[in-house]
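Everything below concerns the one structure shown next.
In what follows, every chain begins at residue 1, and chains take the letters A, B, ... in the order their sequences are listed.
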Amino acid sequence: MRWTQTLIPTLKETPAEAEIISHQLLLRAGVVRKLTGGLYSFLPLGLRSLRKVEKIIREEMDRAGALEVQMPALQPPEIWQQTGRYETAADVLYKVRDRAKKEWVLGPTHEEVITSLVAGEINSYRQLPKNFYQVGVKFRDEIRPRFGLMRAKEFIMKDAYSFDTTDEGAMASYRRMYDAYTRIFTRCGLKTFAVEADTGVIGGNYSHEFMVPAETGENDVAYVESGNYAANIEKASSRGPLTPVGRSSTGGAPEKFATPGVVTIEALAAAPYGVPADRQIKTLVYLVNGKLTLCLVRGDDQANEAKLAGCFGTTVFRAATPEEIVGTLGARPGSLGAVQMPATAAGIQVIADEALRGAAGMTTGANEDGFHLRHVDIERDIRVTRWADLRTVKVGELSVSTGEPIQIRRAIEVGHVFKLGTKYSEKLNAMFLTEDGQRHPAVMGCYGIGVTRTLQAVIEQSHDKDGIRWPMSVAPYQVLITPLGAAGSETMKAAEALYAELTRRGIEVLLDDRDDRPGVKFKDADLIGIPLRVGIGEKSLAKGELEVKPRGGALEPVPVARAADRVAEIVAQEMTRLNG
RNA sequence: CGGAGCGUAGCUCAGCCUGGUAGAGCACUUGGUUUGGGACCAAGACGUCGCAGGUUCAAAUCCUGUCGCUCCGACCA
């Protein structure tokens with residue numbers, strides 16, 4: 001391709017709307033353009049890279065035995081009602097109406113559709129296992145789209161769904177996808193690591209997210225130095241707080257004391273009260289299925305909402321409003337506690353964090369504004385209906401499995417593998433007959449890769465101060481030829497000859513045939529990040545040489561006659577390296 | 001949804017406080033000079049100042065509403 005024939009609208013200045021480097025480079029390098037918030041058009045360069053990521057994904061999915069299909073983006077709401085996700089996923093569902101006023105949803109994912117499909121077409125164990133995948137557009141009504149392609153209203157996703165006859169079979173399918181994902185991201189030139197992920201209301205321990213370490217990521221990941229433990233912060237657990245809970249009990253009964261205006265852990269920890277945060281019980285109130293539920297964590301701990309969801313068995317819950325709380329507990333947030341509860345709170349569930357087990361000599365709210373209770377012994381004074389891990393782990397705590405101190409870093413989630421079980425197959429009747437004639441729901445798994453997000457993650461991980469540094473495997477073009485000279489010059493003639501020869505060999509070449517100054521061409525070359533550049537200037541050409549230069553690497557003079565061979569060699573080496 | 005900020009040329013922004021003929025740099029067009037890391041000179045084209053209402057002799061500027069964008073938080077199958 002000739003530069004003057006395509007469209008590569010590079011920007012010298014950084015658009016004000018882009019905050020993170022990958023987003024800035026997407027715009028500056030002419031990869032994408034924004035239509036409006038969360039919606040982007042891919043320009044010629046961007047589309048080429050996107051197609052390459054998709055191609056790698058298809059090759060590895062096919063290699064893993066998955067079957068490509070294509071399912072509708074527009075879906076009937078009925079199947080969403082059947083799985084219950086019409087309500088639980090309501091926040092992200094785009095809904096539209098047709099001329100007859102019938103409602104439709106724009107698919108944010110395709111579990112319902114694929115399971116309906118399988119329910120109709122697969123009846124026997126002889127037809128299983130199967131794994132179906134597609135690459136297509138998803139729609140999500142994100143509360144806050146941001147960071148360009150990272151969190152968009154419309155994005156491209158590869159989603160796969162496996163159907164097995166047994167749990168063991170489902171595990172094998174899961175493992176195959178896990179391995180395929182590892183290969184996919186490696187081939188894209190991305191350094192990723194897999195972390196244990198929250199399984200939400202479905203439960204179980206089989207969910208991993210593939211993460212790209214990046215300060216701009218939206219996920220916190222807990223990990224240990226050896227690499228033998230890594231988990232999303234939503235899932236991560238530890239051996240407990242670094243300062244274990246004490247039993248500094250006086251043995252006395254809970255004692256009420258006045259704390260006028262004190263409604264925070266910090267205020268109670270400060271003078272004149274001086275109650276350390278780890279000697280306080282934090283009382284949180286949630287509205288779950290229409291009922292108030294108390295959650296107790298240590299004063300210095302943070303409740304983890306993903307763990308709460310698992311505990312509640314639903315993701316549909318919210319913090320109770322002060323009005324709801326006062327009506328039941330008789331006090332406002334900041335003065336709440338589970339020791340003495342009014343009659344209006346009879347039967348209320350009290351879920352306490354494991355870190356509070358055995359705690360005595362604690363201080364908590366008295367359910368009376370302006371008062372707290374001290375000398376509280378949680379096992380003696382509080383009727384705990386359930387103990388559970390509710391807290392968010394902190395840096396330095398010891399890993400349950402390896403005993404190493406936990407560290408926390410930010411990361412971008414680019415892929416997710418999940419063992420679903422039979423939740424969807426049961427609800428949508430995806431049943432098969434076993435060898436001995438019994439009806440069983442298929443055991444499912446689902447596997448997603450954010451394709452457009454992956455593309456941006458590559459840039460986030462692979463760039464320098466001058467621009468993008470595309471890995472050879474996903475670069476829009478493998479080689480950029482930069483002749484320094486106008487049309488008709490000797491340098492341009494040499495460039496044309498090399499362009500023809502490389503193209504003949506099947507190498508993807510971009511020829512910068514613009515009549516521009518060298519500085520402009522070099523700056524743009526660095527910005528758009530083609531991994532290998534061939535410079536052709538009068539001085540070197542007079543010596544019978546061209547200049548071969550990897551992006552970000554050293555310049556190598558090569559005789560004109562050997563140039564095509566040398567370029568082909570480097571391209572092949574790099575592709576082989578990435579493809580493992 | 002709560003908090004903050006911003007909407008002026010394709011891009012980056014000034015002008016607004018203190019109302020009075022809409023600006024700069026980059027990009028674009030033409031001509032010339034240049035040509036190894038975002039050139040220079042000259043001429044030119046490009047604007048419903050986000051939108052709507054109000055105040056005023058007069059509104060980019062003041063007031064009200066509204067839409068959009070960005071950031072923080074909440075939220076995130």
Whole Å only: how far is the [atom1] atom of [X] from the [atom2] atom of [N]?
{"X": "A:Asp524", "N": "B:G37", "atom1": "CG", "atom2": "C1'", "answer": "11 Å"}
{"X": "A:Phe317", "N": "B:C75", "atom1": "CZ", "atom2": "C1'", "answer": "11 Å"}
{"X": "A:Arg551", "N": "B:G37", "atom1": "CZ", "atom2": "C1'", "answer": "13 Å"}
{"X": "A:Glu234", "N": "B:A74", "atom1": "CD", "atom2": "P", "answer": "12 Å"}
{"X": "A:Leu7", "N": "B:G10", "atom1": "CG", "atom2": "P", "answer": "17 Å"}
{"X": "A:Leu308", "N": "B:C76", "atom1": "CG", "atom2": "C1'", "answer": "15 Å"}
{"X": "A:Leu35", "N": "B:G68", "atom1": "CG", "atom2": "P", "answer": "13 Å"}
{"X": "A:Lys523", "N": "B:A39", "atom1": "NZ", "atom2": "C1'", "answer": "14 Å"}

Taking the [atom1] atom in each of [N] and [M], what is the distance between them to the nearest angstrom?
{"N": "B:A39", "M": "B:G5", "atom1": "P", "value": "39 Å"}
{"N": "B:C49", "M": "B:G7", "atom1": "P", "value": "15 Å"}
{"N": "B:A22", "M": "B:C13", "atom1": "C1'", "value": "14 Å"}
{"N": "B:U64", "M": "B:G47", "atom1": "C1'", "value": "25 Å"}
{"N": "B:A60", "M": "B:A14", "atom1": "C1'", "value": "12 Å"}
{"N": "B:C16", "M": "B:G10", "atom1": "C1'", "value": "24 Å"}
{"N": "B:U48", "M": "B:U8", "atom1": "P", "value": "11 Å"}
{"N": "B:C71", "M": "B:U34", "atom1": "P", "value": "47 Å"}

Without hydrogens or angle criteria, can the side chains of [X] and [Y] be said to hold a donor-acceptor pair below 3.5 Å?
{"X": "A:Gln302", "Y": "A:Thr392", "result": "no"}
{"X": "A:Ser237", "Y": "A:Asp389", "result": "no"}
{"X": "A:Thr115", "Y": "A:Glu111", "result": "no"}
{"X": "A:Asp524", "Y": "A:Thr10", "result": "yes"}
{"X": "A:Tyr133", "Y": "A:Asn131", "result": "no"}
{"X": "A:Glu234", "Y": "A:Asn304", "result": "no"}

Are there any protein N/O atoms within less than 3.5 Å of an N/O atom in nucleotides 29-36 of chain B, and if so, which ones and at what distance?
from  : atom 1 : to       : atom 2 : distance (Å)
B:U34 : O2     : A:Arg517 : NH1    : 2.7
B:G36 : O6     : A:Gly537 : N      : 3.3
B:G36 : O6     : A:Ser540 : OG     : 3.4
B:G36 : N1     : A:Glu547 : OE1    : 2.8
B:G36 : N1     : A:Glu547 : OE2    : 3.1
B:G36 : N2     : A:Glu547 : OE1    : 2.8

Would you tabulate the nitrogen or oxygen pairs shorter than 3.5 Å linking the protein to nucleotides 6-8 of chain B?
none

> Checking side-chain contact (heavy atoms from CB on, under 4.5 Å) against A:Ile449, which of A:Met177, A:His416, A:Lys158 comes through?
Replying inline: A:Lys158

Watson-Crick/G-U partner (both atom distances under 3.5 Å) of [N]:
{"N": "B:U64", "result": "B:A52"}
{"N": "B:C46", "result": "none"}
{"N": "B:A58", "result": "none"}
{"N": "B:U12", "result": "B:A24"}
{"N": "B:G31", "result": "B:C41"}
{"N": "B:C69", "result": "B:G5"}

Is any side-chain N of the basic residue among [X] and [Y] closer than 4.0 Å to the acidic one's carboxylate O?
{"X": "A:Lys493", "Y": "A:Glu490", "result": "yes"}
{"X": "A:Lys102", "Y": "A:Glu78", "result": "yes"}
{"X": "A:Glu324", "Y": "A:Arg318", "result": "yes"}

>> Going by the rule salt bridge (charged side-chain N to carboxylate O under 4.0 Å, His left out), which residues pair with A:Arg533 if we only count those two or more places apart in sequence or in a different chain?
In response: none

Can you check nucleotides 70-73 of chain B for protein contacts, nitrogen or oxygen pairs under 3.5 Å, and list what you find?
from  : atom 1 : to       : atom 2 : distance (Å)
B:C72 : OP2    : A:Arg144 : NH1    : 3.4
B:C72 : OP2    : A:Arg144 : NH2    : 2.8
B:C72 : OP2    : A:Arg146 : NH1    : 3.4

> Are A:Val105 and A:Phe139 close enough, and set up right, to give a side-chain contact (heavy atoms from CB on, under 4.5 Å), and what steps lead you there?
Replying inline: CA-CA 9 Å; A:Val105 305; A:Phe139 299 88; over 6 Å; no

> Does the cation-pi check pass for A:Lys95 over A:Tyr86, that is, NZ or CZ under 6.0 Å from the six-membered ring centre and within 45° of its axis?
Replying inline: yes

> Can a cation-pi geometry be assigned to A:Arg453 and A:Phe155, taking NZ or CZ under 6.0 Å from the six-membered ring centre and within 45° of the ring axis?
Replying inline: no

>> Need one value for A:Arg33: base, sugar-phosphate or nothing, where a base atom within 4.0 Å counts as base even if backbone is also close, heavy atoms only.
In response: nothing

>> Base of B:G38, side chain of A:Arg514 - is there a donor-acceptor contact under 3.5 Å?
In response: no

> Ring centroid separation for A:Tyr181 and A:Tyr447, is it under 6.0 angstrom?
Replying inline: no

> Going through the checks in order, is the side-chain contact (heavy atoms from CB on, under 4.5 Å) test met by A:Thr216 and A:Ser22?
Replying inline: CA-CA 10 Å; A:Thr216 54; A:Ser22 55; 5.6 Å; no

>> Under 4.0 Å from OP1 or OP2 of B:C11: is there any side-chain N or O of A:Thr14 that close?
In response: no

> Shortest non-hydrogen contact from A:Val567 to A:Val548?
Replying inline: CG2-CG2, 4.3 Å

> At their closest point, which heavy atom of A:Ala411 faces which heavy atom of A:Val221, and how far apart are they?
Replying inline: CB-CG2, 4.0 Å

> Run the side-chain contact (heavy atoms from CB on, under 4.5 Å) check on A:Asp220 and A:Arg410 step by step: do they pass?
Replying inline: CA-CA 5 Å; A:Asp220 280 312; A:Arg410 301 285 284 178; 2.9 Å; yes

> Quick one: on RNA chain B, does A:Glu218 or A:Asp526 contact a more 5' nucleotide (nearest heavy atom)?
Replying inline: A:Asp526

> Given that A:Glu305 and A:Lys549 both sit by RNA chain B, which one's nearest nucleotide is further toward the 5' end?
Replying inline: A:Lys549

>> Counting only side-chain heavy atoms from C-beta out, which of B:G37, B:G38, B:C76 sits nearest to A:Leu527?
In response: B:G38

Would you tabulate the pairs of protein nitrogen or oxygen atoms and nucleotide nitrogen or oxygen atoms of nucleotides 44-49 of chain B closer than 3.5 angstrom?
none

Under 3.5 Å, N/O pairs linking protein and nucleotides 25-28 of chain B:
from  : atom 1 : to      : atom 2 : distance (Å)
B:G25 : N2     : A:Glu13 : OE1    : 2.9

